[in-house]
2 protein chains.
Amino acid sequence: MAKGRVTVIDIAQAAGVSKSTVSLVLQGSPLVNEGTRTKVNAVMRELGYVYNRGAANLRQSGAKSKIIGVVVNDLTNGFFAELAVGVDMVVQSAGFVQFLSNTSESLDRQREVIASMREHGISGLILSPSRATEASDLKPLVAAGIPVVVAVRNVPGARVSSIVSDNREGIFAGVQHLASLGHRRIAFLGGFNDTAVFDERLDGYRAAMANCGMALEESLIVPSAPSRAGGADAIGRALAIEEKPTAAVCFNDAVAFGVCDGLRTIGLEPGRDFAVVGFDDVIEAKTAVPALTTISVDPQGMGRRAAQLLLKQINAGKAEAEAIVSSVRLVVRESCGSGAIAKRQSSPIMA
Amino acid sequence: MAKGRVTVIDIAQAAGVSKSTVSLVLQGSPLVNEGTRTKVNAVMRELGYVYNRGAANLRQSGAKSKIIGVVVNDLTNGFFAELAVGVDMVVQSAGFVQFLSNTSESLDRQREVIASMREHGISGLILSPSRATEASDLKPLVAAGIPVVVAVRNVPGARVSSIVSDNREGIFAGVQHLASLGHRRIAFLGGFNDTAVFDERLDGYRAAMANCGMALEESLIVPSAPSRAGGADAIGRALAIEEKPTAAVCFNDAVAFGVCDGLRTIGLEPGRDFAVVGFDDVIEAKTAVPALTTISVDPQGMGRRAAQLLLKQINAGKAEAEAIVSSVRLVVRESCGSGAIAKRQSSPIMA
DNA sequence: TGACTTAGTTGGAACGTTCCAATTAAGTGC
DNA sequence: GCACTTAATTGGAACGTTCCAACTAAGTCA
């Protein structure tokens, strides 16, 4: 048993057929006699045969390796872990395996792992690009005809498919929720104003303010680092203006938490004295005090859809670039006050 | 450019050498002339050559595929995501890539993905086994000489390496901490009593109780499902006995949270009226109210060590089974009361 | 009977590498 | 000038599979 690998030739010999026939059995071809098939299968089990996929897709060159690559920028972030799980689910049931690598936002690492995956012959790639990824980074892949789906963040200029969450609609819903609670002066806090995601969210803010007939003041828009510290800073600046806001939609949950911190340092209690809406629905959003009202994106679902799209392109043999925006829902908790409303745990939104 | 793959033969032709020489260059052999080497490398870059690792390790059969498999039972759990990241770090810098699959505790899935990975020629496997994994599940792997490292949970009877956290020492430290705060009646709550992990933790409890000269009463040990609901149930039963406990070490953090719930429903405030210690240090432990005093294991470090061990075995060509227990530390927060002590954020423990 | 069809099987070439033994070219010692 | 060493290169076989064209055996039709 321990002598070398069991090959298709060993099976052929033991079953008294040719290697070609064994190969046919392997592929489930209808050309082989039922008797031979069962015989061959029995021998395989008996000898502990392991299919050598490497050899196989050496022959059927370029075709199906049954491997896809998944590269994410931060797997320690629950969001991306969920994304990976979603991908894994559909990929597994399609009989594929996935390479999964983490880049920690490093462009070099990203380049390395993608190169490495190519050497191993991936038939497609799902990429949650690290910051500053450029279209040129993906150029060789698409030139080689390998389908690519970028997720979460877009790569401007790259002719690949993408799936991102509906940033505009999410913030829109957040603002509308605040308006329905009676707020008229609503700020937009946090985020670097030179990113595509920021633009989309700000766009949603503007649209919702207009939609509710509220004044749009530039002083109510205060960018900052998309972090807790940035949020604390932003709320400070927002409350320094003449007509102070009474509520805010935040660039993300981290900013929202920072806003809560900032409010408390000046004696205001978030949820009671000031309403706060986040974005992302990170795990802590549920357990924080007050529990954060936020925009929830379904990362696992995004992963599933990304994988489905990729598999579709792999099977089609042609990668028609396609852009999906993943819908998003408002989750009402306690950070906007109003216990009555907080009772309905969440409300879905049409995309 | 789009016509087929660029092969080593194309390079050879373009550079005016033989394919053997190109191969030598690829492997960084010192046998080739410096001039030829740079020439060949230049041509490779020019033609956009991509190394075909599949073909390579078809030839050097059984040797190094530069792929390792990682299979975890629940990637949505932050603990395992961190573990995977740790593995990825060392695996990446060793020039390997990892297959990563999630089993969601399903034995069937686990079998499938492991089989699939074998077909793709992994040179080693890191497995955080799903419940009820048996030694026989790993038998074929070790028979084929593929190194296996099981992590987090042990697989009894399997002749493979393992890395698990120091369950005994962790609980021991928890009990000792409670004793140092003056508690004399300390319960051990939660966990299914038919698992190896339970036994190890209970063992730590017994040893610590004995060590502190405290009575060991069986009624203070109450198993339950290792979940929040289980914890609530367990504390109820623990407080129904004659001489009630004043503190508890819990099987894990989920149980500990359940214990807090249970305490509150009968009007007791955890951290003030009853001391609670968890195990795992999940993310919520820090943000919960009261913040949970718990035993922290370093999953990323575990992942790194698991990967190092596996690579060592792969390089050695022989898989000497080795058992590592990963040390663990007590993190003191607020769920045992005593603000004075809570000030020192954590205290390391000798393993 | 001979020409066909059909179901099942088969040998050999090919995929892109690596390894081995063989070869060439040039230098070295005497 | 000969036997040697050394440095660099090379052709061909091999790895385990798939694909193709060819083949066999048996049945069908007129």
Side-chain angles (χ1 to χ4, degrees), chain A residues 3-41 43-44 47-67 116 118-123 144, chain B residues 3-41 43-44 47-67 116 118-123 144:
Chain A
K3 51 169 59 221
R5 218 193 229 290
V6 179
T7 89
V8 90
I9 300 196
D10 301 323
I11 305 295
Q13 236 140 29
V17 296
S18 79
K19 62 182 170 37
S20 303
T21 304
V22 177
S23 173
L24 259 6
V25 171
L26 246 16
Q27 306 170 250
S29 160
L31 290 178
V32 332
N33 181 295
E34 207 47 50
T36 346
R37 181 193 308 283
T38 55
K39 167 98 196 206
V40 168
N41 279 325
V43 174
M44 279 183 185
L47 300 193
Y49 171 73
V50 181
Y51 183 62
N52 185 335
R53 226 171 259 277
N57 58 259
L58 174 56
R59 183 68 237 273
Q60 39 190 180
S61 205
K64 310 285 63 106
S65 70
K66 293 292 195 175
I67 304 179
S116 176
R118 277 199 75 188
E119 293 187 353
H120 284 285
I122 51 174
S123 27
Chain B
K3 51 167 60 219
R5 216 193 230 289
V6 180
T7 90
V8 91
I9 299 195
D10 301 323
I11 304 296
Q13 236 140 28
V17 297
S18 79
K19 60 183 170 39
S20 302
T21 304
V22 177
S23 173
L24 258 6
V25 171
L26 246 15
Q27 306 170 251
S29 160
L31 290 178
V32 332
N33 181 296
E34 207 45 52
T36 347
R37 180 194 308 283
T38 54
K39 167 98 197 205
V40 168
N41 278 325
V43 175
M44 279 183 186
L47 300 194
Y49 170 73
V50 181
Y51 184 62
N52 185 335
R53 227 170 258 278
N57 56 260
L58 173 55
R59 182 68 236 273
Q60 39 190 179
S61 205
K64 310 286 64 103
S65 70
K66 292 292 195 175
I67 304 179
S116 176
R118 276 199 76 188
E119 293 186 353
H120 284 285
I122 51 173
S123 27

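Lettering of chains follows the sequences in order, A, B, ..., and the numbering in each one begins at 1.
Among the nucleotides dC15(D), dG8(C), dT17(C), the one closest to any side-chain atom of Leu58(B) is dC15(D). Nearest nucleotide to the side chain of Leu24(B), out of dT9(D), dG8(C), dT17(C): dT9(D).
Using a 4.0 Å cut-off, no side-chain N or O of Thr21(B) falls inside it from OP1 or OP2 of dT9(D). Contact annotation: Ser18(B) reaches the phosphate of dT10(D) (side-chain N/O to OP1 or OP2, under 4.0 Å).
In this structure, CD1 of Ile11(A) is placed 18 Å from C1' of dT10(C), rounded to the nearest angstrom. Rounded to an integer number of Å, the gap from NZ of Lys66(A) to P of dT18(D) is 13 Å. Here dG16(C) presents its C1' atom at 11 Å from CG of Leu26(B), a figure rounded to the nearest Å. Summarising the geometry, the separation between CZ on Arg37(B) and P on dT9(D) is reported as 10 Å, rounded to the nearest angstrom. The CZ-C1' distance, from Arg5(B) to dA14(C), rounds to 15 Å in whole Å. The distance from atom CD of Glu34(B) to atom P of dA7(D) is 15 Å, rounded to the nearest whole Å. One atom, CG of Asn57(A), and another, C1' of dT17(C), lie 14 Å apart when rounded to the nearest Å. Atom CG of Asn52(B) and atom P of dA14(C) are 18 Å apart (whole Å).
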Might you list the N or O atoms of the protein lying below 3.5 Å from N or O atoms in nucleotides 19-25 of chain C, with each pair's distance?
from, atom 1, to, atom 2, distance (Å)
dC19(C), OP2, Gln27(B), NE2, 3.0
dC19(C), O4', Arg59(B), NH1, 3.4

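Distance check: Leu26(A) CG to Met44(A) CE gives 4.5 Å after rounding to the nearest 0.5 Å. Here the CZ atom belonging to Arg37(A) is positioned 9.0 Å from the CG atom belonging to Leu31(A), to the nearest 0.5 angstrom. To the nearest 0.5 Å, atoms OG (Ser18(B)) and CD1 (Ile11(B)) are separated by 13.0 Å.
Between Tyr51(B) and Thr36(A), the one whose closest nucleotide on DNA chain C sits nearer the 5' end is Thr36(A). Comparing Val17(A) and Val50(B), the nucleotide of DNA chain C nearest to each residue sits closer to the 5' end for Val17(A).
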Between Gln27(B) and Ser23(B), does the side-chain hydrogen bond (donor to acceptor under 3.5 Å, both in side chains) criterion hold? Intermediate values first, please. CA-CA 6 Å; Gln27(B) 306 170 251; Ser23(B) 173; 3.1 Å; yes
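Contact check for Asn52(B) versus Thr7(B): no side-chain heavy atoms found under the 4.5 Å cut-off. Considering only heavy atoms from C-beta on, Val25(A) stays 4.5 Å or farther from Thr36(A) through its side chain. Looking at Lys66(B) and His120(A), their side chains come closer than 4.5 Å, going by heavy atoms from C-beta outward.
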